[in-house]
Amino acid sequence: MDKLISISKKEATAIKAAKQLFKFGIIGLLNTGLTYVIYLLLIKATNATFAMAIGYGVTSLIGLTLNNRWVFNAHAQFKSVVMKYYVTYLFTWIISVGFANAASSWSQMNTNLIPLFSLILTVPTNFLLSKFWVFHRQKLKEVRQNGNQP
């Protein structure tokens, strides 16, 4: 019976990664919706650039916090991950803009679909960089630095 219930370490790792990806997606959807709400609230009082900048800024901080604590369970100190987090976002933004430029210039792709195809590139890239670079083993490093037992 134990063999039927037992799963391998590889399977457990895959399940954990799938749960993280699901949570990462939830945070992304919530942040996208919240960015839009903030944009709508500010657009009449300001301009599109300012409204979008504030919305993106606020939701990126929310994303950083939730990814750190809920998605990847790293509980890293803010200062230890903030630079990596925003470098990751800058990198995926460059991919998105580059893809949009290439797709609109060199293909017959419907321009309305470019953002959707861009997400196919940027979401997994952002997730993998977040998982394996931004939030990877931060908790263990901090435990070792502080001398606490895990």
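Reckoned from all heavy atoms, side chains included, excluding hydrogens, waters and symmetry mates.
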Engineer: Hey, what do you get for NZ (K16) to CZ (F72), rounding to the nearest 0.5 Å?
Structural biologist: 10.0 Å

Engineer: Is a side-chain donor or acceptor of S105 paired with a backbone partner of A102 at a separation under 3.5 angstrom?
Structural biologist: no

Engineer: Determine whether the side chains of Y86 and S60 contain a donor N or O and an acceptor N or O closer than 3.5 Å.
Structural biologist: yes

Engineer: Consider only side-chain heavy atoms of I, L, V, M, F, W and Y, link residues closer than 4.5 Å, and tell whether I94 and V134 are in one cluster.
Structural biologist: no

Engineer: Is it true that I95 and F132 fall in one hydrophobic cluster, defined by side-chain heavy atoms closer than 4.5 Å?
Structural biologist: no

Engineer: For a side-chain contact (heavy atoms from CB on, under 4.5 Å) check, start with the C-alpha distance between L90 and Y85, then their side-chain angles and the critical distance, and finish with the verdict.
Structural biologist: CA-CA 9 Å; L90 176 62; Y85 184 80; over 6 Å; no

Engineer: Tell me, please, which residues at least two apart from L116 pass side-chain contact (heavy atoms from CB on, under 4.5 Å).
Structural biologist: L113

Engineer: Rounded to the nearest 0.5 Å, how far apart are CH2 of W133 and OG1 of T88?
Structural biologist: 5.0 Å

Engineer: Treat each ILVMFWY residue as a node, draw an edge where side-chain heavy atoms are under 4.5 Å apart, and state whether V97 and F99 are in one component.
Structural biologist: no

Engineer: Can you give each donor-acceptor pair under 3.5 Å made by side-chain atoms of residues 20-34, sequence neighbours left out, with the distance rounded to 0.1 Å?
Structural biologist:
unit_1, atom_1, unit_2, atom_2, d
Q20, OE1, K131, NZ, 2.4
K23, NZ, W70, O, 3.4
N31, ND2, T59, O, 3.0
T32, OG1, G28, O, 2.8

Engineer: Which pairs would a plain distance check flag for residues 119-129, meaning a side-chain donor or acceptor within less than 3.5 Å of a matching protein atom at least two apart in sequence or in another chain?
Structural biologist:
unit_1, atom_1, unit_2, atom_2, d
T122, OG1, S118, O, 3.1
T125, OG1, L121, O, 2.7
N126, OD1, S130, OG, 3.2

Engineer: Under the side-chain contact (heavy atoms from CB on, under 4.5 Å) rule, collect the residues that match up with N112, sequence neighbours excluded.
Structural biologist: N110

Engineer: Considering non-hydrogen atoms only, spot the tightest contact between H75 and N73 and give its length.
Structural biologist: NE2-OD1, 2.7 Å

Engineer: Ignoring hydrogens and angles, tell me if any N or O in the side chain of S80 forms a donor-acceptor pair with the backbone of A76 under 3.5 Å.
Structural biologist: no

Engineer: Indicate every side-chain donor-acceptor pair of residues 36-55 with a distance under 3.5 Å to a residue at least two apart or in another chain.
Structural biologist:
unit_1, atom_1, unit_2, atom_2, d
T46, OG1, L42, O, 2.7
N47, OD1, T49, N, 3.1
N47, OD1, F50, N, 2.8

Engineer: Give me the other members of the hydrophobic cluster that W106 sits in, counting Ile, Leu, Val, Met, Phe, Trp and Tyr linked by side-chain heavy atoms under 4.5 Å, directly or via other members.
Structural biologist: none

Engineer: Can you hop from L64 to W93 via hydrophobic side chains spaced under 4.5 Å?
Structural biologist: no

Engineer: Just jot down the side-chain hydrogen bond (donor to acceptor under 3.5 Å, both in side chains) partners of S8, sequence neighbours excluded, or say none.
Structural biologist: E11

Engineer: So, do F78 and L61 sit near enough that their side-chain heavy atoms are less than 4.5 Å apart?
Structural biologist: yes

Engineer: Does Y56, at its OH atom, have more than 12 non-hydrogen atoms belonging to other residues, nucleotides or ligands within less than 6.0 Å?
Structural biologist: yes

